[in-house]
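Let me begin by presenting the structure, written as structure tokens, before commenting on it.
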There are 4 protein chains.
Amino acid sequence: MREPRGERKRRANGEESRRRILDAAAEVAGVRGYDGTSIALVSEKCGLPASSIYWHFKNKDDLLAAVIERSFDIWADALTLPGDDTDPAPDRVAALAGQVAKTLLDSPDFLRLGLMLTLERRPEEPSARRMFLQVRDTARARLAAVLATLAPSADRDAIELVTTYAIAAADGLFIAKEIGGDSVDLMPLFDLHARALHDALVRLTTETS
Amino acid sequence: MREPRGERKRRANGEESRRRILDAAAEVAGVRGYDGTSIALVSEKCGLPASSIYWHFKNKDDLLAAVIERSFDIWADALTLPGDDTDPAPDRVAALAGQVAKTLLDSPDFLRLGLMLTLERRPEEPSARRMFLQVRDTARARLAAVLATLAPSADRDAIELVTTYAIAAADGLFIAKEIGGDSVDLMPLFDLHARALHDALVRLTTETS
Amino acid sequence: MREPRGERKRRANGEESRRRILDAAAEVAGVRGYDGTSIALVSEKCGLPASSIYWHFKNKDDLLAAVIERSFDIWADALTLPGDDTDPAPDRVAALAGQVAKTLLDSPDFLRLGLMLTLERRPEEPSARRMFLQVRDTARARLAAVLATLAPSADRDAIELVTTYAIAAADGLFIAKEIGGDSVDLMPLFDLHARALHDALVRLTTETS
Amino acid sequence: MREPRGERKRRANGEESRRRILDAAAEVAGVRGYDGTSIALVSEKCGLPASSIYWHFKNKDDLLAAVIERSFDIWADALTLPGDDTDPAPDRVAALAGQVAKTLLDSPDFLRLGLMLTLERRPEEPSARRMFLQVRDTARARLAAVLATLAPSADRDAIELVTTYAIAAADGLFIAKEIGGDSVDLMPLFDLHARALHDALVRLTTETS
DNA sequence: AATGAATGAGGATTCATTCAT
DNA sequence: AATGAATGAATCCTCATTCAT
């Protein structure tokens, strides 16, 4: 009915198309946020028509949730917790903080989109937001476990408090970097942060013992 | 304020309409972000037709910049820096942190919208974003000055570093509160933060002296 | 920003635009039904852009409900019940039936669209459908009242039965005309129908007396 | 039917798939009409992918025509014309009408979809519509033949008139039932209808003789 | 100071259909 | 006999903005 189109219809390849869509969506959403991410923009970036995106994902919400999920996996994979049990605690905290700083610099889309989703509220919570909060909670649990080994005598609530602070400051530093760009050197900031965490853990240990 | 008697139905009044629009826009934008804030939504919330919004503001960008500006003023007014020069430094830092925590809880729209604007990037930077970064810088300068009086011997770069960290962690704690809601008690977190800042200042003083 | 367009933007005239939209929508919907009536088609027919249609009507559903409402009013206005109380009953029934036949031929959009809406079922009942059933019920009540005066001794249920039959056969004859076009002559059919109604009324009167 | 043993999971089977598609399409189209019946909806209902539907049917039009054809066959099979030539005419008409009423209640999809198709007009007439009008004409011819045996002396045109009226009122009563649901009792209505037909036939016979 | 009406561009999503496998 | 993937056109509707009054 319609002319067969000059360029060969490229061989259908679901796996690859899905990846291309996710790549494009991650790139766009990491920069423009939920509302700012239009299907047309993603379509343009990935080279597939908008209707093809809907073959792979139920809707925009579903797409962005998948973006968050994959971004987290990539980020979590990059984050190899350093050091071993024989190292002194301060060094381990500092190394951990440095590692987090590095991965946030390397793959910032996950956190940037996640924070945007976190701050926005809309009538129907996007499942992308729910997904972010969920994976963030996973990461938080892991960090709490690490901190617990560093301050074995501290009680649960205290560990939770420090964990919350640790993540909050990391979020804030990420934002500071987003704002300041090259004028912000994250390394000394994360050093300062690491020292703050260490001191807090020490204080907890002595106070509760 | 300007209404001489309470009983008269107020006639068309530019000042008042402008305020109603700003109120509505602040409410919407603080929750939905830049893209999510549609003129139609603001119009509905404030009861004035969309075209009237355009009588008071050049465009959406202009409106949101005005929102940011006014929100900052309200926030800054609420933030009366406590204590005087004779109090001991640790108390003053803690009081300051507590004050910031309180105002963020009371009028969160300013920071929430600001952070959303900060994280988003679009082809043409909205002047609302520029406005936020500008007033934020003002606040930052003030904080740096306060910290400088608390650590007189520290050099400029060190003060800048601590200032950046102070603001970053405050941002992060604000977000933590947004996520956690009632399950997050900001007070002990800001206590922890205050202690971290104090220790950092002390360290700076001893290191550089 | 965009060039001001050669043809003068015609002077805004809400009342007239609304009418033009309704005219176009009635024309399209009377032929194509609910699903087949696209906003783009209506827009093309009435000369106003689709977005203008949405200024006048909340959505497609709202538009079509308005179409039904207005079509019914037009139809009901055209339907001047004939005869007076001194005429013999058979003549009055026949005249009434003839009148209905004539108006259905003249302004068929109302009934055609209404019947289409009636037959369709969708997850969310369109308010256009609800509107049709409502005005149809009004017409039904009026007819029942007329028939009651023709068979004063008949009981309520009997009148209801004949009313239902009267309307049903009229619907069916309308459809027959739609199918058959010029090959169907409605007049003898409505004569037959009138006689059937008359006989039924007579039977009711004698049976119940 | 063709399955030799009950226990085997049936393998790909064209006949069975075709039936499943038709079942789903009949269900959807009987409720939603031509436009409202999307291939995606049928696909979901029958469990086969959309592309499989296109393997069995040329296009949507072809599918719906097949639905009409099969629905008519089912309906016609259910309609066993009752009575024999020795019964008195009034009884035979009443029995016939009752039979029609019953089958319409039992398998209403055929008529509902058919009437929807009848009322809609589109640029290209769907073959489903053509199919409905065709089978409807078959049914009509059969009814005319029956009526002719009941009024042997009536002329062709008179029989045609009564046939048209008979079908039209049946259509209308079907619609009344669709609208009124349980509040409409078809039996007395079809009784009334049967009597009207009988009287008309009698009148024809006496008038023309 | 305000607003009813209008409007082109773009929003997400679904459509019927095709085609290589 | 069937299907996963793809696709252009069309769907309804909202967008920011303008303009005559």
Side-chain angles (χ1 to χ4, degrees), chain A residues 1-2 4-5 8-18 35-43 48-61 63, chain B residues 11-18 35 37-43 48-61 63, chain C residues 1-2 4-5 8-18 35-43 48-61 63, chain D residues 11-18 35 37-43 48-61 63:
Chain A
M1 212 166 215
R2 241 170 292 287
R5 201 164 45 271
R8 294 284 282 132
K9 169 187 224 147
R10 69 182 121 260
R11 160 132 80 103
N13 184 338
E15 212 64 53
E16 215 230 287
S17 293
R18 198 187 136 94
D35 281 300
T37 299
S38 78
I39 298 293
L41 208 51
V42 174
S43 156
L48 292 163
S51 48
S52 290
I53 297 178
Y54 282 88
W55 168 260
H56 291 278
F57 301 92
K58 191 154 55 67
N59 51 30
K60 177 173 157 175
D61 200 31
L63 168 60
Chain B
R11 54 176 144 68
N13 180 322
E15 209 65 50
E16 144 107 13
S17 290
R18 199 186 134 93
D35 281 300
T37 300
S38 77
I39 298 294
L41 208 51
V42 174
S43 156
L48 293 165
S51 46
S52 292
I53 297 176
Y54 280 86
W55 194 89
H56 288 279
F57 301 92
K58 189 153 59 68
N59 51 30
K60 176 173 161 176
D61 203 30
L63 168 61
Chain C
M1 211 168 214
R2 242 169 293 287
R5 203 164 45 269
R8 293 285 280 134
K9 169 190 224 146
R10 70 183 120 259
R11 161 130 79 103
N13 184 340
E15 210 64 52
E16 216 230 286
S17 293
R18 197 186 137 94
D35 281 300
T37 300
S38 77
I39 297 293
L41 208 51
V42 175
S43 155
L48 291 163
S51 47
S52 291
I53 297 177
Y54 282 90
W55 167 259
H56 291 278
F57 301 92
K58 191 153 56 67
N59 51 31
K60 177 174 158 174
D61 198 33
L63 169 60
Chain D
R11 52 178 146 68
N13 179 323
E15 209 65 51
E16 143 108 11
S17 290
R18 199 186 135 93
D35 280 301
T37 300
S38 76
I39 298 294
L41 208 50
V42 174
S43 155
L48 294 165
S51 47
S52 292
I53 296 177
Y54 279 86
W55 195 88
H56 289 279
F57 301 92
K58 189 153 59 68
N59 52 29
K60 175 174 161 176
D61 203 30
L63 168 61

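Quick note on labels: first sequence line is chain A, next is B, and so on, each numbered from 1. These numbers come from the heavy atoms of this one structure, side chains and all, not from hydrogens, waters or symmetry mates.
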Starting at [atom1] of [X] and ending at [atom2] of [N], how long is that distance when rounded to a whole Å?
X	N	atom1	atom2	result
Leu63(A)	dT13(E)	CG	C1'	13 Å
Ile39(A)	dA6(F)	CD1	P	15 Å
Leu41(A)	dA9(E)	CG	C1'	15 Å
Asp35(C)	dA16(E)	CG	P	10 Å
Tyr54(B)	dC15(F)	OH	P	11 Å
Glu15(B)	dA1(E)	CD	C1'	12 Å
Ile53(A)	dG4(F)	CD1	P	21 Å
Arg18(D)	dA2(F)	CZ	P	12 Å

Contacts table for residues 53-60 of chain D: side-chain donor-acceptor under 3.5 angstrom, sequence neighbours left out:
from, atom 1, to, atom 2, distance (Å)
Asn59(D), OD1, Asp61(D), N, 3.2
Asn59(D), OD1, Asp62(D), N, 2.9
Lys60(D), NZ, Tyr34(D), O, 3.1
Lys60(D), NZ, Thr37(D), O, 2.9

Shortest side-chain distance from [X], nucleotide among [options]:
X	options	result
Asn59(D)	dT3(F), dT17(E), dG8(E)	dT17(E)
Ser38(A)	dA16(E), dA12(E), dT13(E)	dA12(E)
Lys60(B)	dT3(E), dA16(F), dA5(F)	dA16(F)
Ser17(C)	dA5(E), dA6(F), dC13(F)	dA5(E)

Counting Watson-Crick and G-U wobble pairs with both distances under 3.5 Å, what is the dot-bracket string for DNA chain F, 5' to 3', using [ ] for crossing pairs and | for pairs to another strand? .||||||||||||||||||||
Whether Ser43(A) side chain and Ile39(A) backbone form a donor-acceptor pair below 3.5 Å: no
Under 3.5 Å, is there any donor-acceptor pair linking the side chain of Trp55(B) to the base of dA2(E)? yes
dG4(E), OP1 or OP2 - any side-chain N/O from His56(C) closer than 4.0 Å? no
OP1 or OP2 of dT17(E) less than 4.0 angstrom from a side-chain nitrogen or oxygen of Ser51(D), does that happen here? no
Checking all strands, does Ser43(B) fall into the base, sugar-phosphate, or nothing category for heavy-atom contacts under 4.0 angstrom? nothing
Where each residue is assigned the nucleotide of DNA chain F containing its nearest heavy atom, which of Ser52(A) and Thr37(B) is assigned the position nearer the 5′ end? Ser52(A)
Starting at CG of Asp35(C), measure out to OG of Ser38(C) and round the result to the nearest 0.5 Å.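 Nearest 0.5 Å value for the CG-OG distance: 11.0 Å.
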